[in-house]
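Throughout, a chain's letter reflects where its sequence line sits, starting with A, and its residues are numbered from 1.
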Number of protein chains: 2
Amino acid sequence: MVTIYDIAKKANVSPMTVSRVINNSPSISEKTRKKVEDIIQELDYIPNKQARSLISKETKLVSLVISDISNPFFTNIARGAEDKALQAGYQLLLGNSDEQTVKESRYIDLLLSTKVDGVLIAPTGDPSLANLRKLAKRRVPFVFVDRYVEGIAADLVMGDNAETTRKLVAHLVEKGHRKIALINGPSTASNARERLLAFTDALTLNGLDLIPELLIETHFLQDNFSEIVRTLMSLSPSGRPTAILAANNFIGVNTLRALREMNLQVPDEIAVACFDDPEPIPDYNPFLTVAAQPAYDMGYIGMQMLIERIEGTAPATNRKVVLPSQLIVRKSTQRS
Amino acid sequence: MVTIYDIAKKANVSPMTVSRVINNSPSISEKTRKKVEDIIQELDYIPNKQARSLISKETKLVSLVISDISNPFFTNIARGAEDKALQAGYQLLLGNSDEQTVKESRYIDLLLSTKVDGVLIAPTGDPSLANLRKLAKRRVPFVFVDRYVEGIAADLVMGDNAETTRKLVAHLVEKGHRKIALINGPSTASNARERLLAFTDALTLNGLDLIPELLIETHFLQDNFSEIVRTLMSLSPSGRPTAILAANNFIGVNTLRALREMNLQVPDEIAVACFDDPEPIPDYNPFLTVAAQPAYDMGYIGMQMLIERIEGTAPATNRKVVLPSQLIVRKSTQRS
DNA sequence: TATTTTTATGTTATCGATAACATAAAACTA
DNA sequence: TAGTTTTATGTTATCGATAACATAAAAATA
């Protein structure tokens, strides 16, 4: 491998002089600069980041730790994050936690060893606290995206859960639904908590009763949806929901599947809406009514805040950016 | 930051002894091993990969360079690649080329500086050759996924373009179509070339004429589809296609969009099918007939081959893994 | 011209870990 | 028990780059 020592020898200067040329140090004569640069070109020299990092303490690596890149919501976050990172000269390490705190933890350990400059993370939930503390202890800046964890401070970019929930409920109520089920994520996740809270508020606001059987707590990425939906739909006709609100796209899609298994027609027999669009290429085959969160922007802004933290240009106090969602009404809530 | 020197001092041993404990060297007395391990625990020591890499010449970083992570095809490749990488102790760096050779090139330069151990790449096309040569020159192993570039050898995992094309054409012919348009990717990309070749073969095989106006060469990620489709559909009624085959999901979806703009009904007025499923969460709202390539497996197998190359356990000759696609017939080709 | 200041370059030490060699202590052998 | 082998540990040099200090040469000043 070509090093500054090879360049130095060939150019008849000291390695330090080569280093200075590489780093555009001002006090280098035009003559040597030219000479060294020519040899760098000739030998096709590329600086070794590892060696540099050892001294500078920065790697120009950042990591994105999300639930699952296959979920279009996170895919778009990733794309936004990568765009911003590359633009600022950082490279993006990808990690899927699959909503498992243990997997997240293993990943964080790897990151600490790799010495990433910062982490953009959608924590699995409150149990992530220990993982985040590890980062904080080692002074690795991190920024929350989509979800946060109580008890540890960081910049945060997320969707407006309250307003989004209100919009979705209002839409369903407007369509005549009075018994709306919520299939929510785990209460350890901040977004699920906020959505539940907003949901009950929205029911009250619309003069609807809170029916405990219609509040289901499940996981954002797990497969007992057939049973959940079956249980819901086997409630007595008077207690059965006429609409289901799913707390994310994965739950939404699986709810549709479960209903299809049961030969229930959507939207005629039951309406379905969810948070986050399951369509990566929007609007080509609209069916499911969704509140689409600006995932790309969340990734982009989150990465921007992270880089500002890393580079020390961020304000001392933690920022909280809340982005609005867009209600996209499609067939799944439009009774024919 | 805690280093082996801190551990050494506290344990009253030399740094080398600490290093030996960390690396499970056999010739360490049980007593010192215990003592050192306790202090490692106590101080919460994490080895510095940068320093290690400087000597070992390996970073345990691999990179995935693809067109666009937002495309579900590549999303699934990424997920497969990440799963395998993590399992083997590697971390995955993500890079989007957006089908631009220049962007790809910039990314490769970054990778060379970061000293990744290997690269899994879907090259933008033949112009990528220079980028790949850079990798080869520096002895960075790489593996092709989805596409390859002539003139440079590497392991390869791809879909069976010939067979897949045949299946798609056969399906359309079976549905009664005699004039099938192909909206293909750029001829600089191996998969587009193979698809074109197989397409013309399949026409012959089915006794259909090759109509040059129905062979469109465009890009896998670019937006003049309205015009392309408009041109196709404004051919004389006798020359106009009754079915469109799109060379990837992006083209497929945009073709649908363009047809909708023109108020043409799919599948009644024109049928559409494409390579790759645009649905990340399969089968929830089937509309578009596709030949779904096993993207996850492509990523997983590709990463596996890459890691074998990196670790020197791969056979000397380059491997070529060709995976079959699955034809999924949906509404877009099922005339009512 | 002598002296000071500036400019250009070199030397040494360091980042954190480990390979390669060296050596003291313990264990074994004759 | 003296000599040899083995085991456990330490020392030194190195990976590639750069910070901090040092110095020779050139330019500016008196």
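- With sequence neighbours excluded, the residues that form a side chain to side chain donor-acceptor pair (under 3.5 Å) with Q87(A) are Y300(A).
- Atom CE of M158(A) and atom CZ of R147(A) lie 11.5 Å apart (nearest 0.5 Å).
- Atom pair E58(A):CD and dC15(C):C1' shows a separation of 14 Å (rounding to whole Å applied).
- At a threshold of 4.0 angstrom between heavy atoms, the contacts of S27(A) include nucleobase atoms, whether or not backbone atoms are also involved.
- Rounded to an integer number of Å, the gap from K57(A) NZ to dG16(C) P is 4 Å.
- Between Q50(A) atom CD and dC15(D) atom C1' the separation is 11 Å, expressed in whole Å.
- Between L54(B) atom CG and dT14(C) atom P the separation is 17 Å, expressed in whole Å.
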task = Using a 4.0 Å cut-off on protein heavy atoms (strictly under), produce a 5'-to-3' string for nucleotides 17-26 of chain D with B for base contact, S for backbone-only sugar-phosphate contact, and - for none.
result = BBBB------
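- Salt bridge annotation for E58(B)-R52(B): absent, with no cationic side-chain nitrogen under 4.0 angstrom from a carboxylate oxygen.
- Comment: D68(A) engages R79(B) in a salt bridge, judged by a side-chain N to carboxylate O separation of less than 4.0 angstrom.
- For the salt bridge (charged side-chain N to carboxylate O under 4.0 Å, His left out) test with D44(A), the passing option among K137(B), R133(B), K134(B) is K137(B); the others fail.
- Between S14(A) and the phosphate of dG10(C), there is a side-chain N or O to OP1/OP2 separation shorter than 4.0 Å.
- K34(B) has its NZ atom 18 Å from the P atom of dA8(D), to the nearest Å.
- Rounding to whole angstrom units, CZ of residue R33(A) and P of dA8(C) are separated by 10 Å.
- The side chain of T32(A) contributes an N or O atom lying less than 4.0 Å from OP1 or OP2 of dT9(C).
- Ion pair D155(B)/K320(B) not flagged as a salt bridge, since none of the NZ, NE, NH1 or NH2 atoms sits closer than 4.0 Å to an Asp/Glu carboxylate oxygen.
- For S29(A), no side-chain nitrogen or oxygen approaches OP1 or OP2 of dT7(C) to under 4.0 Å.
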